[in-house]
Amino acid sequence: MSLKTLLMPMITERRFARTTLLAKREAAEKARLAAGRGHEVHYFHQVDDPYSALMVQVLPKLLDRFNIELRVHVVSPPPDSAAPERDKLIQYSRFDAALLARHTGLKFSDCKQQPSPDRCAQVAHALVASVLAGRFLELAPALCDWLWAQDPHALFPEQCNDLPAIARESVTQHRQQADALREKLGHYLGGMLYYEGEWYWAVDRLYHLERRLIELGVAKPGVNDELYPPAPDLSSAKTVASPQAIDFYFSFRSPYSAIVAPRVFELARLTGSQVNLKFVMPMVMRGLPVPAVKRNYIVQDTAREAHARGQPFGRLNDPVGRPTERLLAVMPLALAQGKGQAFVCSAMEGVWAEGVNAGSKRGLKKLTDRAGLNWADVHKALGDEAWRATAQANREELFGLGLWGVPCFRVGDTTVWGQDRLWAIEEALCGAQVQSDMSSAA
């Protein structure tokens, strides 16, 4: 066992603890005060990003609720290293933004295609001009509406006609400086908010920022809750006539999969559904790049989401490589004995909350024992490579749905990606119309 494997759980337990997050926030506030800065929130807007189109509708509400100063930056799309399946990401983002808009009462329709490059360039020019003129909040919603309009003959927003003229070089310079600032501060996506050392992704993570600002006393009178708090999970049994099965695509190396697994199993129990466990190989073990800045953000964000729901997380032992392969080798045995869910929960909690080394005999035995598996059977299963074909088939199935990362869920015609989309699966199970044509469009 390497020294890294021995030390990782202790290091990560401290790094991702709620107390550490709060200590970092306290230190950031002291640094802000010492520097004489106000409560500056930076917003990074990506022109052709659907989530950014939602955020421009929310920003005025945020300023109405908190005594903050907004700094707007128009940025480029993420680099290829952070978007390994860009075409699928683009297509899914439109569908997901439309789904989220219906859920939150915002406005966005998936027109099934991206805006033309010429239209994007025209809007980018106007957005940068609006930033320089101090009119971004006023003009951005109309510009986004025009950009995403299905009518190709829609007129350019009239209220933008009096913007001061700026050179194309000024737009390029603004975006280069915005991209450099985003990279310096530690991110890669559009639709992001940044406040004093911490990132918040679009509408889904806005509630973390709002809670932080409320705790700081920055809220205006009467504001004591969040605009879009996370949807609560189903907490009591619900009668569902002929409940459909939930396909759950997951990876043992995905922290988001780890925190959502017990929740999806509980949803299935309460609705009388069954969960089909669809395990896949981690992206990095399939040769797809995962930059360090992306890995860091994902784990930090997972810890924050877990803390918000009171879930154990943070004392981790990265299962990349042999540990994941051993866990996957046990899956067919667990499924055959009807203990798939028990093993997934045991493994996920062990790896991501208890620091168990699944690559060791002692660690794996702990995970399989508490799932009710016989060690002799487990030892035999470790020599069977049949799981590889299943993992590959699941991956191809996922790709066929137009997706590539995990966790993902499918119920009937509804397919969603992300631990923060379990509400859509609940709606689909309970009869709400959450229709997806991702598979036919892929």
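If you read the sequence from its start, that first residue is 1, and numbering goes on from there.
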What is the distance from atom CG of L270 to atom CD of E426, rounded to the nearest 0.5 Å? 9.0 Å

Side-chain heavy-atom pair V264, F409 within 4.5 angstrom cut-off: yes

Contact check, side chains of V330 and W387, non-hydrogen atoms, under 4.5 Å: no

W417 versus P407, closest heavy-atom pair with distance: CD1-O, 2.9 Å

Using the six-membered ring of F399, assess whether NZ or CZ of R395 lies under 6.0 Å from its centre and within 45 degrees of the ring axis. yes

Is the closest side-chain donor-acceptor distance between N357 and N317 under 3.5 Å? no

W199 and L185 have their tightest heavy-atom pair at NE1-O, 3.0 Å

Hey, could you give me the NE2/CD1 distance between H42 and I68, rounded to the nearest 0.5 Å? 11.0 Å

Can you tell me how far CD of E266 sits from CG of D233, rounded to the nearest 0.5 angstrom? 8.5 Å

With side chains defined as the heavy atoms from C-beta onward, is the minimum distance between R309 and P230 less than 4.5 Å? yes

What are the two closest non-hydrogen atoms of I214 and N224, and how far apart are they? CD1-C, 3.9 Å

Scanning both residues in full, the closest heavy-atom pair of D48 with W148 reads O-CZ2, 3.5 Å

From D49 atom CG to S76 atom OG, the distance as rounded to the nearest 0.5 Å: 12.5 Å

Using the benzene-type ring in the case of Trp, are the ring centres of H39 and F66 under 6.0 Å apart? no

Applying side chain to side chain donor-acceptor pair (under 3.5 Å) between Y228 and each of H103, K61, E210, report the one that passes. K61

side-chain contact (heavy atoms from CB on, under 4.5 Å) partner of C144, chosen from Q57, H45, M55: H45

Taking NZ, NE, NH1 and NH2 as the nitrogens, is one of them in D225 or R211 under 4.0 Å from a carboxylate oxygen of the other? no

Y256 and D301: CA distance, side-chain angles, deciding distance, side-chain hydrogen bond (donor to acceptor under 3.5 Å, both in side chains) verdict: CA-CA 9 Å; Y256 290 131; D301 182 57; 2.6 Å; yes

In short, F95 meets V416 closest at the heavy-atom pair CE2-CG1, 4.4 Å

